[in-house]
Amino acid sequence: MAKLRVTLLPVALRPEGDAALSPMAVSVLCSERGLLSEEVEDAEHVIPQVRRMLAGVLPREIDQDPVLRRRVQRLENVGVEYSAGAPNLLFSAVLPIAASELDGRANRWTRLVQGRADARTHPPEAEVSALLGYWRQQLVRTTAAFDFLPEFFPISQVRAVYSSVWGEDQQDANFQRWLLSARDVDAEPVVAEQDSADVQRSTQAAFIDRVAGVLGAEPSGIANNWDPKYVGVSAGIAALGGGMRAFPVAVAAGAIVGSLVGWQRARSAGRPPSWFRRTQPQRVELQTWYPVRPSLGLPEALASGGDNASNS
């Protein structure tokens, strides 16, 4: 009897490129050898094995943070893939933004949807195609995008989740109108606007709580030196100037607090964005599906997403 195979496909919204432009894309975490995939003896050992695989790729700082560790414990059942002949059980897990900031091995991260040229020359593996279909379905039908984000976020970060999963930019004004009018199945709004000053204070308080005692810094000094253009924080700790990056504990605190409270790695160009939070702590079904019509010339398997297309 053929052994079962399990493949874990962790995903995260990963910062890329120029910090001033703040591009972000949903990416898949792999090992140096490729996808995270192992054989298991029987079905009884599947979930314990997947959890061990997940624990093995988490940065130490996330594994030691009880809140983030709980967040990453949700396993997504993507499906079963048979291209190699034997059943390959596919699972995914959403990792916080800090997972890529603290990992230090950028070559282990691959965009879920590659550029048009890359998709032609390096077609996605069957497992990644199944993963893409799964997340497209989740984003169309549910509030899954918020699982990639901290408690507070600007609309641009929600849009980055959708844009990167469809491989094309979702138009700013249309996306904002949709998100602000979106309702769950109980006809309740899915997001609520927050006061930016309150979000900034929450970010500062969480950051100070993690570093003040370790660095011997006065909480008031950290708050007073905080750049007012920064509501959130990241591993770059740009809100407090480059000097803070010399302290590993501050870098880790910036990444963790950014993932938990509010993430920001560059000054806002022009008018500061509004900040929001999800109204329901858990993923819920949308009353009306998100109306995606991708126009990018992706391979057929990617462009259609199987039967996961929008109902619009």
Side-chain angles (χ1 to χ4, degrees), residues 6-15 24 26-31 35-38 40 45-78 89-106 108-109 112 131 134-135 138 142-153 157 161 202-214 232-237 247-265 277-278 280-284:
V6 293
T7 298
L8 174 64
L9 301 152
V11 290
L13 185 61
R14 179 173 177 261
M24 306 179 80
V26 174
S27 300
V28 185
L29 176 61
C30 303
S31 72
L35 297 179
L36 303 170
S37 189
E38 297 180 3
V40 292
H45 293 91
V46 167
I47 298 302
Q49 181 68 12
V50 174
R51 294 205 181 279
R52 283 193 293 271
M53 294 164 67
L54 180 59
V57 297
L58 288 179
R60 175 178 52 83
E61 297 87 347
I62 293 177
D63 188 54
Q64 292 177 348
D65 186 275
V67 178
L68 285 180
R69 192 170 62 246
R70 283 197 302 272
R71 278 182 51 178
V72 302
Q73 290 306 305
R74 173 171 177 163
L75 294 176
E76 313 271 347
N77 186 354
V78 173
L89 310 182
L90 308 180
F91 294 88
S92 187
V94 178
L95 305 186
I97 298 171
S100 65
E101 290 192 297
L102 297 173
D103 181 56
R105 291 164 287 186
R108 300 207 313 169
W109 293 89
L112 181 53
L131 180 70
Y134 174 83
W135 281 114
Q138 291 296 309
T142 76
T143 57
F146 303 144
D147 295 349
F148 291 82
L149 301 171
E151 179 180 3
F152 304 105
F153 46 81
Q157 292 178 6
V161 175
S202 296
T203 304
Q204 289 178 353
F207 183 80
I208 289 169
D209 184 60
R210 288 174 178 269
V211 304
V214 179
V233 71
S234 72
I237 333 171
F247 301 98
V249 67
V251 172
I256 297 296
V257 172
S259 292
L260 286 173
V261 185
W263 189 89
Q264 182 181 350
R265 69 167 173 169
R277 73 188 304 177
R278 65 197 301 175
Q280 298 295 329
Q282 304 300 326
R283 190 182 307 177
V284 294

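Residues take their numbers from the sequence shown, with the count starting at 1.
Between Cys30 and Leu36, the closest heavy-atom pair is C-CD2, 4.2 Å. In terms of heavy-atom proximity, Ala99 sits nearest to Pro59 at O-CG, 3.6 Å. The two residues Phe207 and Ala250 have their closest heavy-atom pair at CE1-O, 3.6 Å. Pairing each heavy atom of Val72 with each of Pro96, the nearest pair is CG1-CD, 3.5 Å. The minimum heavy-atom distance between Ala144 and Trp135, with the atom names listed, is CB-CZ3, 4.0 Å. Nearest heavy atom pair, residue Arg265 against residue Ser234, reads CB-OG, 3.3 Å.
Here the options are Asp103, Val11, Val28, the test is side chain to side chain contact (heavy atoms under 4.5 Å, CB included), and the partner is Trp109; only Asp103 passes.
The line from CD of Glu101 to CH2 of Trp263 is 6.0 Å long, rounded to the nearest 0.5 Å. Atom CG of Leu9 and atom CG of Leu35 lie 6.0 Å apart (nearest 0.5 Å). We find the CG-CG distance between Leu8 and Leu29 to be 8.0 Å, quoted to the nearest 0.5 Å. Taken from CG in Leu13 to CG in Leu112, the straight-line distance is 11.5 Å, to the nearest 0.5 Å.
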>> side-chain contact (heavy atoms from CB on, under 4.5 Å) for Thr143 and Arg278? Distances and angles first, verdict last.
In response: CA-CA 9 Å; Thr143 57; Arg278 65 197 301 175; 4.0 Å; yes

> What do the steps show when you test Arg71 against Leu260 for side-chain contact (heavy atoms from CB on, under 4.5 Å), and what is the final call?
Replying inline: CA-CA 10 Å; Arg71 278 182 51 178; Leu260 286 173; 4.2 Å; yes

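When the side chain to side chain contact (heavy atoms under 4.5 Å, CB included) test is applied to Val78, the partners found at least two apart in sequence or on another chain are Leu90, Ser92, Ala130, Leu131, Tyr134. Applying the side chain to side chain contact (heavy atoms under 4.5 Å, CB included) rule to Ala145 yields the partners Leu139, Val158, Val161, Tyr162; only residues at least two apart in sequence or on another chain are considered. With sequence neighbours excluded, the residues forming a side-chain hydrogen bond (donor to acceptor under 3.5 Å, both in side chains) with Gln138 are Arg283, listed by chain and number. Under the rule for a side-chain hydrogen bond (donor to acceptor under 3.5 Å, both in side chains), the partners of Ser37 that lie at least two apart in sequence or sit in another chain are Arg5, Thr7. Applying the side chain to side chain contact (heavy atoms under 4.5 Å, CB included) rule to Ala98 yields the partners Ile62, Leu102, Ala255, Ile256, Ser259; only residues at least two apart in sequence or on another chain are considered. Listed by chain and residue number, nothing satisfies the ring pair (Phe, Tyr, Trp, His ring centres under 6.0 Å) test with Phe91 (two or more places apart in sequence, or in another chain). Shown here are the ring pair (Phe, Tyr, Trp, His ring centres under 6.0 Å) partners of Phe153, two or more places apart in sequence or in another chain: Phe146. Legend: residues meeting salt bridge (Lys or Arg N to Asp or Glu O under 4.0 Å) with Arg51, ordered by chain and number and at least two apart, are absent. Evaluation of the side chain to side chain contact (heavy atoms under 4.5 Å, CB included) rule for Arg60 yields Gln64 as partners, not counting sequence neighbours. Looking at residues two or more places apart in sequence or on another chain, you find no side-chain hydrogen bond (donor to acceptor under 3.5 Å, both in side chains) involving Gln157. Under the rule for a side-chain hydrogen bond (donor to acceptor under 3.5 Å, both in side chains), Arg69 has no partner lying at least two apart in sequence or in another chain.
In this structure, the side chains of Val6 and Met53 come closer than 4.5 Å at one or more pairs of heavy atoms. Two residues are said to be in side-chain contact when any heavy atoms from C-beta on lie closer than 4.5 Å; Leu54 and Leu95 meet this criterion.
Taking a cutoff of 4.0 Å between a charged side-chain nitrogen and a carboxylate oxygen, Arg210 and Asp65 qualify as a salt bridge.
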